[in-house]
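Every heavy atom of this structure was used, including side-chain atoms; hydrogens, water molecules and symmetry mates were not. Naming: A, B, ... by sequence-line order, numbering from 1 per chain.
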Number of protein chains: 2
Amino acid sequence: MSGTSSEVISLVSPSLTDCRDLISDALAKQKVLVVAGNCTVNYEGRAASKLTWGERVLMIKADGSVLIHRRSGYEPVNWQPPKCQFRISLEEGKRLSVLATRQKPKESLRILFDDITVLLALSLTDEGEFAMHVTEEQMKQAIMRDPSLVEHGLKLISEERRMGDSGFTDVYAEDTHGRLVVVEIKRTAASRNAALQLNRYVETLRKRVNRPVRGILAAPELRSGTSTLLAKLGYDFKAVSPARCFEVLKPRTDARLSDFL
Amino acid sequence: MSGTSSEVISLVSPSLTDCRDLISDALAKQKVLVVAGNCTVNYEGRAASKLTWGERVLMIKADGSVLIHRRSGYEPVNWQPPKCQFRISLEEGKRLSVLATRQKPKESLRILFDDITVLLALSLTDEGEFAMHVTEEQMKQAIMRDPSLVEHGLKLISEERRMGDSGFTDVYAEDTHGRLVVVEIKRTAASRNAALQLNRYVETLRKRVNRPVRGILAAPELRSGTSTLLAKLGYDFKAVSPARCFEVLKPRTDARLSDFL
DNA sequence: ACGTCGATCTCGAAC
DNA sequence: GTTCGAGGTCGACGT
């Protein structure tokens, strides 16, 4: 019913005493722990929560983050971000308490097991590289490299000019008529909020310079109602596809990106 | 090295063929799957990502949600929200492919294992109840039930009056001098953004009514700089603690909450 | 179905 | 250290 090796410890129906020792050891060695069993969970900190008895999966990762998963739901029912400290203890010999605490903000998570179905301690070897593509940042890079993606003759002035209270704008440029152009970029279908955000940038800029300022919303598409609002505010929309951005980024991009294409 | 029962299947170093069969069976029975092994992951959908070879933990939950965890990090490196569909297959007998697809939005996650360290299939029995306390909504409820939490003599007018472009305000009231009061509530330390949000609400309201309008920011505390901004804008701050809100909500609250208190 | 907003958001970057 | 905005945000609630 159980097996061990240097790489993995897997125990089915282990005693709580064994679990205490193995969990403490695994934490010290920064292994990844997976514990399935019957438990309650109490959280106290930024908010407070209580979860009554039931079977869940506890995962403690090498950086001290904690996840408690129920049988359903993408998100953990309870958790603790990385770098928390642990105290493992047996209560009256028949309950195993896992206490994960964190300062700043001060919060604690307490998991109490009365039965453990399976315990895994894993030494994951993982030097893999994670690469994400078509982010908003990449769209911006593409537009900065080739502003004509947004409008013919557009000239880049600077990236992310500070705009006071309104935050930043994404790209700041000049059109063929010498008018300033604020380009707000969205990776996905732009909502009315995006139009309002663009409006704040343009309004802020107009207060600071004594020349015409245009606004362009650059995104793959617009959500319903956004086109109307954009027109009302007097700004333009330019459809920019992720694929086109790829094309622009391709030549100067590293091998990892190109073998994805 | 392995064990099974009606409740749990736990295999250490299983063959990929066994894994294919067990995973397919577990998915059909809506069990919770935990698979640790060497894999690559590719995502394609709202964005795109690629993760090269390394050891990770894959979890597939009863509702069809998918999580891939590396040794560190609170968040899964890749995932799929609930209700996705699966296709498990052996490629050339030496790689196990787990394909999780989702429509709306159309996206897919493909995990390819060349070695599996451990496989768990769990039937979690969990009828436990989860209760969370001190949410922003509960703070609002508390303040609506007892507006004096914010200011003596404050009278509630209506909840969440629509405020046009600015969005909503949290509580709309009247003070002892008959002035309108907009109360912006934050569960945690309020930032300058909260003050600006309050300002938008008040400004919007002032355009619509021909009478004095005050603004009050109600939160456990203020972040640095917020006090100054609030004063400059001419609004008040009222410290409202989660504990006080608890007290107000206590009497009319259900048994579950009360046994937590 | 879509849009909006809160979250124990988490995470990273900028200041 | 704090602040701020992005997220494959997710999830809930309203229309």
Side-chain angles (χ1 to χ4, degrees), chain A residues 41-50 63 65-68 72-84 100 102 104-109 130 132-140 160 162-163 165-170 185-194 196-197 223-226 242, chain B residues 41-49 63 65-68 72-82 84 102 104-109 130 132-140 160 162 165-168 170 185-194 196-197 223-226 229 242:
Chain A
V41 186
N42 281 74
Y43 166 73
E44 184 83 37
R46 288 168 286 180
S49 73
K50 181 178 181 175
D63 59 356
S65 45
V66 182
L67 307 164
I68 294 150
S72 291
Y74 159 76
E75 294 185 327
V77 59
N78 280 109
W79 72 93
Q80 202 74 281
K83 294 169 195 160
C84 54
R102 211 162 73 101
K104 200 69 182 166
K106 180 131 178 95
E107 54 186 355
S108 67
L109 188 63
F130 179 74
M132 176 107 103
H133 312 289
V134 210
T135 60
E136 187 165 312
E137 176 60 26
Q138 291 199 348
M139 284 189 68
K140 188 170 80 180
E160 284 193 343
R162 279 208 158 280
M163 302 292 284
D165 280 349
S166 303
F168 311 5
T169 179
D170 286 325
I185 300 168
K186 289 295 168 192
R187 187 183 45 77
T188 56
S191 66
R192 282 179 293 228
N193 266 359
L196 293 170
Q197 191 173 3
R223 293 195 184 182
S224 67
T226 309
Chain B
V41 186
N42 281 74
Y43 165 74
E44 183 84 39
R46 287 169 287 178
S49 73
D63 59 357
S65 45
V66 182
L67 307 164
I68 294 149
S72 291
Y74 160 76
E75 294 185 327
V77 59
N78 280 110
W79 71 93
Q80 203 72 282
C84 53
R102 212 162 72 100
K104 205 70 183 168
K106 182 135 179 92
E107 54 186 355
S108 67
L109 187 65
F130 179 72
M132 177 110 100
H133 313 290
V134 209
T135 60
E136 188 165 310
E137 175 60 26
Q138 291 197 352
M139 284 188 68
K140 186 168 83 179
E160 286 194 342
R162 282 204 161 278
D165 280 348
S166 302
F168 312 166
D170 285 326
I185 299 169
K186 290 292 169 193
R187 187 183 46 79
T188 56
S191 66
R192 283 181 289 229
N193 264 1
L196 293 170
Q197 189 173 7
R223 292 196 181 180
S224 68
T226 309
L229 175 57

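Side chains of A/Ser65 and A/Asp63: a donor on one and an acceptor on the other come within 3.5 Å.
Remark: C1' of D/dG5 and CD of B/Gln197 are 15 Å apart, rounded to the nearest angstrom. Atom CD in A/Glu137 sits about 10 Å away from atom P in C/dA13, given to the nearest Å. The CZ-P distance, from B/Arg187 to C/dC5, rounds to 18 Å in whole Å. When the P atom of D/dC10 is taken as reference, atom CZ of B/Arg102 falls 7 Å away, rounded to whole Å. Between the NZ atom of A/Lys104 and the P atom of D/dT2 there is a distance of 4 Å, rounded to whole Å. Note: CD (A/Glu75) to P (D/dG8) measures 14 Å, nearest angstrom. In this structure, A/His133 places its NE2 atom 17 Å from C1' of D/dG7, rounding to the nearest Å. Here the P atom of nucleotide D/dG5 and the CG atom of A/Leu196 are 15 Å apart, to the nearest Å.
Between A/Arg223 and C/dG3, a side-chain N or O to OP1/OP2 separation shorter than 4.0 Å is present. An OP1 or OP2 oxygen of C/dT10 is reached within less than 4.0 angstrom by a side-chain nitrogen or oxygen of A/Arg46. Side-chain nitrogen and oxygen atoms of A/Trp79 include none within less than 4.0 Å of the OP1 or OP2 phosphate oxygen of C/dC9.
Under a 3.5 Å cut-off, the side chain of B/Gln197 and the backbone N or O of B/Asn193 do not form any donor-acceptor pair.
Rounded to the nearest 0.5 angstrom, B/Arg223 CZ and B/Lys186 NZ are separated by 10.5 Å. Taken to the nearest 0.5 Å, the OH atom of B/Tyr43 stands 12.5 Å off from the NE2 atom of A/His133. We find the NZ-CZ distance between A/Lys140 and A/Arg187 to be 14.0 Å, quoted to the nearest 0.5 Å.
Counting any heavy atom pair closer than 4.0 Å across all strands shown, B/Glu107 reaches a base atom. Residue contacts shown for A/Thr135 are absent, as no nucleic acid heavy atom lies under 4.0 Å away. In this structure, A/Pro105 reaches neither bases nor backbone, as no heavy-atom distance under 4.0 Å exists between it and the strands shown. Among the protein residues, A/Pro82 comes within range of the sugar-phosphate backbone only, with heavy atoms under 4.0 Å from sugar or phosphate atoms but none that close to a base.
Map A/Leu109 and A/Ser224 each onto its nearest nucleotide of DNA chain C; the residue landing nearer the 5' end is A/Ser224. Along DNA chain D, the nucleotide nearest A/Glu136 and the nucleotide nearest A/Gly73 are compared for position; the residue whose nucleotide lies closer to the 5' end is A/Glu136.
In this view, B/Arg102 and B/Arg46, B/Gln80, B/Pro81, B/Cys84, B/Pro105, B/Glu107 satisfy the side chain to side chain contact (heavy atoms under 4.5 Å, CB included) rule, not counting sequence neighbours.
Candidate nucleotides C/dC5, D/dA6, D/dT9 were compared by shortest atom distance to the side chain of A/Asn193, and C/dC5 ranks first. Considering only the side chain of A/Arg192, C/dG3 comes nearest among C/dT8, C/dC11, C/dG3. In this structure, of D/dG8, C/dT8, D/dA6, it is C/dT8 that holds the atom nearest to the side chain of B/Phe130. The side chain of B/Tyr74 lies closest to C/dC11, out of C/dC11, D/dG8, C/dT8. Checking C/dT8, D/dG8, D/dA6 against every side-chain atom of A/Lys186, the shortest atom distance belongs to D/dA6.
C/dT4 and C/dT8 have their P atoms separated by 22 Å, with the value rounded to a whole Å.
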